[in-house]
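First comes the structure, then the notes that go with it.
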Amino acid sequence: PQNVFILADKAWAGSSLLYKWQKSLGNYIAVAGQDNSVKIFDRHGHKWTELNLPGRCVGMDWDKDGDILAVIAAKSSSIYLWDASVNKTSQIDSGMRDQMSFILWSKTGPLLAVGTVKGNLLIYNQQTSRKIPVLGKHTKKITCGCWSIQNLLALGSDDNTVSISNHEGDTVRQTTLRGEPAEIYFSVMKTDERSSQGESTVSVSVDKKILMLFSINDPDNRIELTFQRRYGNIVSYRWYGDGYILIGFSHGYFVVISTHIREIGEELYQAHNHKDSLNSVAISPALNKAASCGDNSIKIHELSELKDISHVVRLDDETKGLDQLSWTDDGQLLAVSTQKGTLHVFLTKLPILGGCYGTRLAYLTSLLEVTVSNQVERESPVAIQVEVEPTFIAVGPYHVAVGMNNRAWFYALIDQEPGVCKLKDIEYLGTIASMCLNSDYAAALFEGKVQLHIIEGKDQEEKKQMKLFPDDDRKGRILCHALTADFLYYGTDVRINTSAPLSIHAYLETVSSYSHPVGVRKVFPDQNGTRLVFIDGKNCGFLLSPANSCCELPNFSPTITGVLWDNWHADRGVFVAYDDDKIYTYALHKTTIYGPRVVLVGTTALLFAQKPLLLYNGELTCQTASGNTSEVALSTHSFLKQSASTLTDSQLEHSKQLAQALMLKRFHEALDLCKAAGSDADWAELGKACLIHMEVELAIQVYRMSGNVGMVLSLQGILGIEDVNLLAGHLAMFLGDYNLAQDLYLSSNCPISALEMRRDLLQWDSALMLAKRLAEDQIPFISKEYAVHLEFIGDYVNALAHYEKGMTHNNKFQDHDEACQGGIARMCIRMGDIRRGSSQAIQHPSRVLKKECGAILESMKVEYYDKAASVYIRCKNWAKVGELLPHVSSPKIHLQYAKAKEADGKYKEAAQAYESAKDWDNMIRVLLDHLNNPEDAVRIVRETESIDGAKMVARFFLRLNDYGSAIHFLVLSQCNDEAFQLAQQHGQMEVYADIIGPEATQEDYQSIALYFEGEKKHLQAGKFFQKCGQYSRALKHFLKCPNTDDNLAVEMAIETVGQAKDVNLTNQLIDYLMGETDGMPKDAKYLFRLYMALQQYREAARTAIIIAREEQCAGNYRNAHDVLFSMYTELQAQKIKIPAEMATNLMILHSYLLVKIHVKRGDHLKGARMLIRVSNNISKFPAHVVPILTSAVIECHRAGLKNSAFGFAAMLMRPEYRNEIDPKYRKKIEAMVRRPDMSELEEETAPCPFCGFQLPQNELLCMSCKNNLPYCIATGRHMLKEDWSMCPHCKFPALYSEFILLLETETVCPMCSETLSVQHVKKIPDCSTYLQADELDP
């Protein structure tokens, strides 16, 4: 808020002030300090008067109307009354002996209550001068009080009591408190039922700790509200709204509570508004705002949404802190006193007052300041200090007028500093309702009349040039007026008039008037004054144009209060209408093929308390309550802002912007939008709009860019036409609105165009009607064209008539007549008048015609065959019918023949005739019943999908007891219920189930399942329960299956549980597989499959390890390897960590499988190295310990690893193994142990792929970085960074050089056994992605 003024006085320094705003009007503020006086200032901070007192002022209050200020002072028993209307002070003797301490006027009447330090009370009636002294009302000082609307007086005293008295001073109630009272208010508690008792609740702050509420009817039943200790003491509180209380606490807290009995005690809002202390709170119902002050700041909240702090005012120079806060009743001014004795007054609400002329604005920026600005033309703003608070502002091109009541001050805008000079002030004959200015004249509306006068001129000139409208009272009262450069408009309760000040000396005359059925409330002319919008008494809007054409505005809201025309030079036809919360954009389409019209382009939201002043190119300048202006971009002009970011907009948003641009006739902007991101539909829309608005050249450009060549050529053909109606007719025709085009053509100077259009459209009826009016000589030619059309659609009768009308009998048009004669010949033959037709054709010179007539007669021959056959049938001459049948095309005749042949017992011929007639059902019946030919019957059923035919075939097979085929055809004929019953009766349910297949419904599956359940066929019952989604029943049956079906049943059970995803069913199946139900554990592979079906991969992995271990113990090493490998790849696919045990077991098994490959290839060293690794884990191969160790000894010996060979030979010499050694090798091994050779070929080293540390080739754990190293699937060695490749199928790594060598002899991958060749393997230069640290689950 704006700081309007600061009051400071030497006498006030260092003390807190007592001050009061004048009630109701708020024109004065009375301030008292430590000195013996009360100073009264007006609302602009000017000192008005001073009341000198015998002692310090101890209390003051304004009466309800703000007319009289009552003051009491120390050392005086008098009450001082200052009358604001006459600026006079009077005093009355209170008659009180003791010092007065409290003073308060009634809210409703002229009663003044005065309390004293000893607890006595005086009630003074200012109207009757009656004084009622009440002694001993309290025993100690009266400190606070409040009047109710019912004129009850509540008083609080230091004797810790509250009394309630009537206006006579009689005590109605008295109640004792637990501490000293402060701040008493009457109010209405919020209840569910609205009581009519008025202000029956009293609230009082007790001891600054408790807020007490009680009803005056029941003072003992009180509500005491206490608050959190951290809030501090209650400083002040206020009631507001529907029973809410706002409380300020000394530690800076600001709290709102409700007094509704269900919410009482609940804090609805709480904020720590001030860091150290809070001094005062205030509420303005007029603004719907609350304020608190403390430390050195004021915070203003919105009562509707307390979280919204609308303003924060910091008073940094007030180091001692703030004191009291108070608003005027109208909410315009907020005063805050400070601890050091100053008073700041802020403007919190300004009347929204302003006007504009062209692009110049004038608006109120402070109570006595008007700012004139022209942002469009970048003029610097000029502030005018005015003498009174204005109630209206008018602005012209060179002047500004402000005023109130019947007086107006005129200011001229000048180029020199300060930019403005006062011209004069004028008094009018009545209170001015509104005023308008132009360059020379001012027009003021008052009391139903408009006074028009010159602004600057000599007195005599002014009187000459002054005129009062209307000159005759019978013409009605003027309700509104407006002034443009050349015209004065005024609307009366009967009509609108336009008067023009033609020149300075000329007589003012009425130029134009328009009568409207109801009174006109507001007029808004455009800048030139050629068009105006007016709002009538029924709140409807109309646009009035120069030729007095008046059209109603579409969708005109009855709440609309004003209209602004766009001042942008190119947007003459755009205006907005506005109400309190919305702006409606309208556009006038002056020249369209449909004639002039007004469209509503769209709406834009308007923020609360903003008044639109100026519209310029889609930017609306609004005035706000704070005295500033704000810019609102109209949503209907969004395409202007979006031009840069069009490409990022959605297609929908783009199309919306294009539509807005077209409605506002901004064709060039629309073209830019289409160029940026226009779809085909957008280009079409732009082209259509150009045609509607008769922008032919632009339309040619648009259609050329969008590639519509035909439209470009058509438009170029009409480019030079000056007749508007003819041009509009052509454009309407291009748009497909032919009726409009015809009307426009007929009203143009070339009406024949309408006839040409109807002919081109082949609309012959309309063309003939137009020809009768416009060009009778064209009738024969149109008739001939119409006849050709009728002949084509088969209307031969009318075609003949029009061919006959088309004859001109004029040698000039011989070709035309010959064409008509040919048409007559053809039509006669077609209608059966063959003689006339034939003679016409023979006489005609054209051979083509003769051929056509011959072809017609030939086709008619077929028709005659059909007719002859039907006659022979009636005569029952079947032999003749049989001869004609090959030429007959009518199925009806074939059907009659078939029925006759069937009656005669000639079934084969009947069947053929039924086939010709396409009567499949009868044909099937004959084939089955008479010819006993089911093969053909079945073929026809399959080809034609005849339902009735399928039923007949089913019945045929049923008679033969071929139930399977019968069921099959019943299903084909959609008789599922019959098929089911048949299957049930004859035990053919499996057949039915197979046939019904995927066509079946859930009910069908359930029926089949129930049948099998009854038959105790558990596997089938389970299968169909699973299909209909009854998983628990399906599982029950699968688990009941006998052992012969065991494998299939268990697999189906696993599939069922996988689909069901039901924990109970899963547990049931696991118990079965573990053998807990029947004591017979099932193969672990089923458990593994179950976990895989449930996607429980960790459990599946654990099961896979167990299965692999069992297979290993049984010596099935390839099976064990495959189980672990498949699980490994599944876990990798699911991105689950691989269990370390699984990875190790797979590596050892793979090493074992590699031995055979290398030994077979004759690479004994690699084989030996792998056998060493296997033998070191020999416990994992219990079935083949001795053969493996024997192989290890032999291969190590061959490879020169004598020491290793000795080690394994020594193991074989153990008693448990010795006797199992193959006799072939026993002696050699024993010799090896007796004569040991400890020489050993040293293993080559290679760098670790992680850290580069050199370690043996076959070592898979790095001693340096402690990483598990990836191994080569071709050699079993650890991988090398620079020699990396992988199997394209299983993605396991291999040393590229070794893998290539291996694949020269092998054709499959040693890990996944998929077929592989050298070409499939690629060297990987960067293997960093494969070297992520250990992904194993410990």
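Residues: numbered from 1 along the sequence shown.
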Side chain of [X], backbone of [Y]: donor and acceptor closer than 3.5 Å?
X: D63; Y: W105; answer: no
X: S106; Y: G109; answer: yes
X: Y19; Y: A335; answer: yes
X: S15; Y: W12; answer: yes
X: E199; Y: I149; answer: yes
X: W147; Y: L152; answer: no
X: D308; Y: S310; answer: no
X: S284; Y: W327; answer: no
X: N296; Y: T319; answer: no
X: S77; Y: R97; answer: no

Interatomic distance, [X] atom [atom1] to [Y] atom [atom2] [nearest 0.5 angstrom]:
X: T365; Y: L347; atom1: OG1; atom2: CG; result: 9.5 Å
X: N406; Y: L429; atom1: CG; atom2: CG; result: 8.5 Å
X: L303; Y: L246; atom1: CG; atom2: CG; result: 7.5 Å
X: S76; Y: M96; atom1: OG; atom2: CE; result: 13.0 Å
X: S148; Y: H167; atom1: OG; atom2: NE2; result: 10.5 Å
X: L211; Y: I223; atom1: CG; atom2: CD1; result: 10.0 Å

- Ring-ring centroid check Y185 Y237, cutoff 6.0 Å: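 Between Y185 and Y237, the centre distance is under 6.0 Å.
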Margin query: Please confirm whether the ring centroid of Y28 lies under 6.0 Å from the ring centroid of W48.
Written below: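 Distance test on ring centres: under 6.0 Å, yes.
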T338 and T342: CA distance, side-chain angles, deciding distance, side chain to side chain donor-acceptor pair (under 3.5 Å) verdict
CA-CA 5 Å; T338 70; T342 55; 2.7 Å; yes
Does the side chain of [X] come under 3.5 Å of the side chain of [Y] through a donor N or O and an acceptor N or O?
X: T175; Y: R222; answer: yes
X: D67; Y: W62; answer: no
X: K137; Y: S165; answer: yes

Side chain to side chain, [X] and [Y], heavy atoms closer than 4.5 Å:
X: S434; Y: F392; result: no
X: L334; Y: L325; result: yes
X: R43; Y: L367; result: yes
X: H301; Y: N273; result: yes
X: Y124; Y: I92; result: yes
X: K23; Y: W21; result: no
X: M60; Y: L69; result: yes
X: R238; Y: Y244; result: no

### Task
Start with the C-alpha distance between Y253 and L278, add both sets of side-chain angles, then the distance that settles side-chain contact (heavy atoms from CB on, under 4.5 Å), and finish with yes or no.
CA-CA 7 Å; Y253 287 89; L278 180 146; over 6 Å; no
Below 4.0 angstrom, N of the basic side chain to O of the carboxylate: do [X] and [Y] qualify?
X: K209; Y: D207; answer: no
X: K39; Y: D9; answer: yes
X: R407; Y: E387; answer: no
X: K131; Y: D93; answer: no
X: K208; Y: E180; answer: no

Can you list the steps and then say if L81 with T89 is a side-chain contact (heavy atoms from CB on, under 4.5 Å)? CA-CA 6 Å; L81 302 176; T89 309; over 6 Å; no
Would you say [atom1] of [X] has more than 12 non-hydrogen atoms from neighbouring residues, nucleotides or ligands within 6.0 angstrom?
X: K422; atom1: NZ; value: yes
X: Q127; atom1: CD; value: no
X: K449; atom1: NZ; value: yes
X: D580; atom1: CG; value: no

For the student: nearest non-hydrogen atoms of [X] and [Y], plus distance:
X: N279; Y: V235; answer: O-CG1, 3.0 Å
X: P181; Y: V162; answer: CB-CG2, 4.2 Å
X: D329; Y: A286; answer: O-CB, 3.6 Å
X: C146; Y: L104; answer: CA-CD2, 3.6 Å
X: P351; Y: L364; answer: O-CD2, 3.8 Å
X: V206; Y: G179; answer: CG1-N, 3.5 Å

- request: Check the angle between the aromatic planes of H344 and F346 and answer parallel, tilted or perpendicular using the 30° and 60° thresholds.
  value: parallel
Evaluation steps, side-chain contact (heavy atoms from CB on, under 4.5 Å), between I234 and F227
CA-CA 9 Å; I234 296 173; F227 300 90; 4.1 Å; yes
- D158 vs T143, side-chain contact (heavy atoms from CB on, under 4.5 Å): CA-CA, chis, key distance, verdict: CA-CA 7 Å; D158 284 350; T143 55; 3.2 Å; yes
Check the pair K141 / D159 against salt bridge (Lys or Arg N to Asp or Glu O under 4.0 Å), numbers first and verdict last. CA-CA 7 Å; K141 179 181 178 181; D159 62 3; over 6 Å; no
In short, salt bridge (charged side-chain N to carboxylate O under 4.0 Å, His left out) pairs touching residues 290-301 with sequence neighbours left out are none
For side chain to side chain donor-acceptor pair (under 3.5 Å), just list the numbers for T116 and Q99, CA-CA rounded to whole Å, side-chain angles, deciding distance to a tenth of an Å, and then say yes or no. CA-CA 6 Å; T116 71; Q99 174 63 53; over 6 Å; no
Sequence neighbours excluded, the answer for side-chain hydrogen bond (donor to acceptor under 3.5 Å, both in side chains) partners of K47 is E50
